[in-house]
Amino acid sequence: MTKQRPTVGGLGRFGDPGVLVLLSLSAGPRHGHAIIVDVKEQFGIQLGPGTLYGSIAKLVRRGLIAPLPSEDRRRPYGITEAGRAALAEYLETWSKVVQVGNVRLARP
Amino acid sequence: LNPRWVRLFPRTWRAEYGDGLAALLEETPASPAAAADVVRAAVVAHGWARPVACTWVAAVLAATGVEVLALRAGISANIVWAPTTIERAAYLVAFLAPLVAGFAFTVERSRRHRSGAIASDRIMSPLIVSRPDAAGTAGSDRPGAVSARGAAPIPANPDPIRSPAMVSGSSSPRAASPGTGPAVLSRRAMGAFGGLFLVGVVYGLVQLLTDQDKTSSGASVAVANAIHVVLLLVVAFLTVLFGRRRPAAARAFWLAPFTELGWRRLVDAWLCLPLAVAELGLVLIGQLRLVARIECQRIRRMSVGAAPVGDGSTFSLAGALDVAISGLVSGVVLLLAAYAVGWAPLRVGQQVFAALDPDFTHGAWGGPSYLGTLLAHCFDAVLFLQLGTALIARLSMGRARQSARALASVAVQP
């Protein structure tokens with residue numbers, strides 16, 4: 001069994017929902033509902049409300065995203081520099097995996 | 001989805017994310033999948049909020065799993081005892097490993113808390129450990145004393161017992177009810193319970209060493225175990241329900257046996273019957289003033305602050321007789337309750353070593369496993385401790401009020 005390499009901010013330890021949230025927020029600050037809509041539109045994945053806020057809480061705790069001031073109940077969140085770095089490292093790792101996978105699958 | 005689902009999450013979590021999630025739930029179409037997702041996230045959030053408790057639950061479950069597997073595999077009759085074979089030694093290590101890990105995690109977590117490495121978002125329990133002074137009263141619960149955490153001064157009479165003048169119709173305001181302030185733990189109470197536990201440990205060790213019969217009868221305890229599981233669920237449900245509605249009162253209830261007032265009530269419960277017998281004798285020989293003095297001292301002990309002052313010179317024969325006879329009746333019940341309270345830590349202590357004997361666990365509630373028996377006995381002990389303490393509180397307060405009423409009609413100064 002392959003052990004996940006600890007990445008910046010420990011992103012690799014909690015998997016997809018956190019990455020999807022970071023990817024959504026990398027385009028700009030969003031509140032919960034907007035993140036769900038964006039993830040659904042961009043990736044075709046439906047995040048549940050509990051899953052989303054569980055991921056948000058973890059990402060905030062790790063300093064990868066941060067709440068932004070709002071007068072509305074729907075508080076927006078923005079990605080931090082640490083979050084961008086963690087996401088970049090995560091994507092770089094997986095881009096290699098995807099690249100190698102595509103090459104091998106393309107072989108007859 | 002109904003935004004009330006947010007209540008499933010821990011309070012500290014809700015303070016940070018509750019509004020946002022509630023707004024999101026209002027916009028989320030209701031479906032079983034969405035509800036299940038919220039419940040799952042709430043369970044995870046509770047786990048994150050209580051890492052030590054979760055670790056112990058996991059450790060106990062893991063140890064129990066090891067026990068069940070060992071029992072099924074026939075490695076052990078019931079318990080981890082005498083690792084005479086490699087299998088039993090491995091079983092012993094596997095059984096103890098999660099518990100040791102849980103303990104290590106708790107210690108490490110506590111150390112990091114103390115050093116400030118972990119910024120806890122949970123408020124520490126506002127406990128104050130009292131140190132008895134020369135007069136025998138807890139230092140921090142003297143009238144006007146300020147708690148160690150700088151809380152407001154403790155009122156002069158935090159106990160529901162009113163002074164005799166108040167009982168007899170005075171317009172003075174009723175004293176503050178218990179459970180509204182920080183619990184004052186008693187070193188004497190904790191020392192006594194700890195001592196009883198140690199006595200139980202020694203008694204269990206002697207029992208183990210002197211018992212030569214290591215065979216087990218294999219008696220079925222399935223019904224008792226089922227009753228314990230149901231009882232545990234009921235208690236857990238009531239604790240959560242009551243704790244959410246009245247957290248301060250719930251905390252006061254669970255800490256009651258270990259508080260200074262709880263300790264005084266327990267001592268009073270032990271002494272009630274012999275004192276009532278003595279009082280009856282004093283009444284019969286006409287020493288009413290002495291009876292009044294004993295009752296004054298009782299009220300002074302129980303009421304912490306205000307107490308009746310009087311010489312009982314006009315204490316009526318009927319009043320004294322009433323106090324003494326009712327003391328005989330309530331004294332019997334109080335003695336039984338005090339016995340139950342004292343028996344609880346003794347029984348848990350006995351379990352530590354005595355349960356290493358298969359005979360102990362096979363017929364015991366929670367058996368045949370060591371861990372199951374330990375849990376069942378601890379649960380029983382907590383129930384006996386709490387119910388006995390509650391009964392003592394109710395009866396001793398009633399008795400003190402009755403004495404106060406009898407004394408109020410005579411020479412009493414509030």
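Letters A, B, ... mirror the listed sequences (proteins, then strands); counts begin at 1. A quick note: this is a predicted structure, and the numbers were derived from the prediction, not measured.
Of the listed residues (Gly54(A), Gly48(A), Pro76(A), Pro67(A)), the greatest number of heavy-atom pairs within a distance under 4.5 Å of chain B belongs to Gly48(A). Across Leu24(B), Val39(B), Asp19(B), Leu25(B), the residue that shares the most heavy-atom pairs under 4.5 angstrom with chain A is Leu24(B). Between chain A and the options Ala45(B), Gly20(B), Gly18(B), Ala33(B), heavy-atom pairs under 4.5 Å are most frequent for Gly20(B). When Ser70(A), Gly32(A), Pro49(A) are compared by the number of non-hydrogen pairs under 4.5 Å with chain B, Pro49(A) comes out ahead.
Between Thr51(A) and Arg40(B), the shortest heavy-atom contact is OG1-NH2, 3.0 Å. Across all their heavy atoms, Ala57(A) and Tyr17(B) have their closest contact at CA-OH, 3.5 Å. The minimum heavy-atom distance linking Gly50(A) with Ala41(B) is given by the pair O-CB, 3.3 Å.
Within the model, atoms CG of Leu21(B) and CZ of Arg73(A) stand 10.0 Å from one another, a figure rounded to the nearest 0.5 Å. Atom OG1 of Thr28(B) and atom CD of Gln46(A) lie 8.5 Å apart (nearest 0.5 Å).
Salt bridge status for Glu26(B) with Arg74(A): absent, with no side-chain N to carboxylate O gap under 4.0 Å.
With a threshold of 4.5 angstrom between heavy atoms, His33(A) approaches chain B through its backbone and through its side chain.
Contact of the Asp37(B) side chain with the Leu52(A) side chain is not registered, since no non-hydrogen atoms from C-beta on lie closer than 4.5 Å. Annotation: side chain of Tyr53(A) is not in contact with side chain of Val38(B) (no heavy-atom distance under 4.5 Å).
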* Residue pair Arg61(A), Glu16(B): steps toward the salt bridge (Lys or Arg N to Asp or Glu O under 4.0 Å) verdict -> CA-CA 11 Å; Arg61(A) 201 182 302 135; Glu16(B) 187 70 24; over 6 Å; no

